[in-house]
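Before any comments, here is the structure.
Just so we're on the same page: letters track the sequence lines, and every chain starts at 1. Only this structure's heavy atoms are used, side chains among them; waters, hydrogens and symmetry mates stay out.
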There are 2 protein chains.
Amino acid sequence: MHSDQLRAHGLRVTKPRLAVLDILAAGGHLDVDEITRQARSRLDSVSTQAVYDVLGALTRAGLARRIEPAGHPARFEARTGDNHHHVVCRSCGAIGDVDCAVDYTPCLTPSQHHGFRLDEAEVTYWGLCPACQEITDD
Amino acid sequence: MHSDQLRAHGLRVTKPRLAVLDILAAGGHLDVDEITRQARSRLDSVSTQAVYDVLGALTRAGLARRIEPAGHPARFEARTGDNHHHVVCRSCGAIGDVDCAVDYTPCLTPSQHHGFRLDEAEVTYWGLCPACQEITDD
DNA sequence: GGCTAAAGTTGACTCGTTCCAGAAAAAGTG
DNA sequence: CACTTTTTCTGGAACGAGTCAACTTTAGCC
């Protein structure tokens, strides 16, 4: 149950949180608007702020992951723990998952690090999704 | 001369464009604010809008590259043509360059592409820059 | 030098997001 | 069950980054 997940991370179990967690668990990369809409269809009502709060809490707890593709509103996905990456459509912002291409993460070991203490390597593939290709091609 | 670069890309040579191109050529990863400030110190005056327009034109022409780290304002760098990546400080947004770790770009050939037509692979390393480490550590 | 399209100016405005206050409602604890 | 603390609510205001639109200026070409 998702309630256990919440408790395990020291978060209180509330309806909005369960709803959002449920929505994210269903898969996909949703923006705040979409999450809010879906949450409202499950509960009688949820405030926009509550959704932002919940997403913030889940992200901090590591139960959700925030994806912020340049030029598009932020999206969230259930964090599966694996180190996967994303394909983003330049035109509509659609997102797809991509497993790390190589076994060993070439990612986390850059040649130079300028003294930075690194904690994550993010890979984003940019292109056009099938739907947007059709529109552009015609 | 930078005027030639502009002309070569079909762009008219104007004072704001030369100034911005000059500033970028000096190196670094600057945000619009900083570019505007530097441009104003070279010219009598430049509108914020003009700076955005110029940066847009330069980016479209391939003379500049836009970097947009999640949670930080966009930054621009002179495009050197090589396929390098960036280290970004989570705290202050400072950016450093990193050459592609591997010779063959493992980057551009993800295992799955969901039908997307890809044109770029972006790698961002997240961490704390030396300065911010000190503040956090203490 | 004069013409025309491209580039710049100005100011209002959008968008996604955050913050704020105070009141109400739940959740966990003893 | 009563109590304390967290979370949520309503609603509004504010934010920074960036965009739009109408008008003026300027670069490049004859």
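At the phosphate of C/dT17, OP1 or OP2 sits under 4.0 Å from a side-chain N or O atom of A/Tyr52. OP1 and OP2 of C/dA6 both lie 4.0 Å or more from every side-chain N or O belonging to B/Thr14. Applying the 4.0 Å criterion to OP1 and OP2 of C/dG28, one finds that A/Arg7 has a side-chain N or O inside that range.
Side-chain atoms of A/Gln49 and base atoms of D/dG11 include a donor and an acceptor less than 3.5 Å apart. For D/dT7, its base never sits under 3.5 Å from the side chain of A/Arg17 at any donor and acceptor pair.
If A/Ala50 and B/Arg12 are placed on DNA chain D by their nearest nucleotide, the residue sitting closer to the 5' end is A/Ala50.
In this structure, of D/dG18, C/dG28, C/dT9, it is C/dT9 that holds the atom nearest to the side chain of B/Asp53. Comparing C/dG16, C/dT10, D/dC9 against the side chain of A/Pro73 picks out C/dG16 as the nearest.
Atom pair B/Leu6:CG and C/dA6:P shows a separation of 16 Å (rounding to whole Å applied).
Residues from residues 31-43 of chain B with heavy atoms under 4.0 angstrom of DNA chain D, sorted by number: B/Val32.
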Full working for side-chain contact (heavy atoms from CB on, under 4.5 Å) between A/His86 and A/Glu77: CA-CA 11 Å; A/His86 296 111; A/Glu77 68 177 353; 3.2 Å; yes
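Salt-bridge annotation for B/Arg90 and A/Glu120: present, with a side-chain N of the basic residue lying under 4.0 Å from a carboxylate O of the acidic one.
Of the inter-residue distances, the one linking B/Thr124 atom OG1 with B/Glu68 atom CD reads 11.0 Å to the nearest 0.5 angstrom.
In this structure a side-chain-to-backbone donor-acceptor pair under 3.5 Å is present from A/Gln133 to B/Gly115.
Fit an axis to the five pairs at each end of the helix from C/dG1-D/dC30 to C/dG30-D/dC1 and the two axes sit 40° apart, to the nearest 10 degrees.
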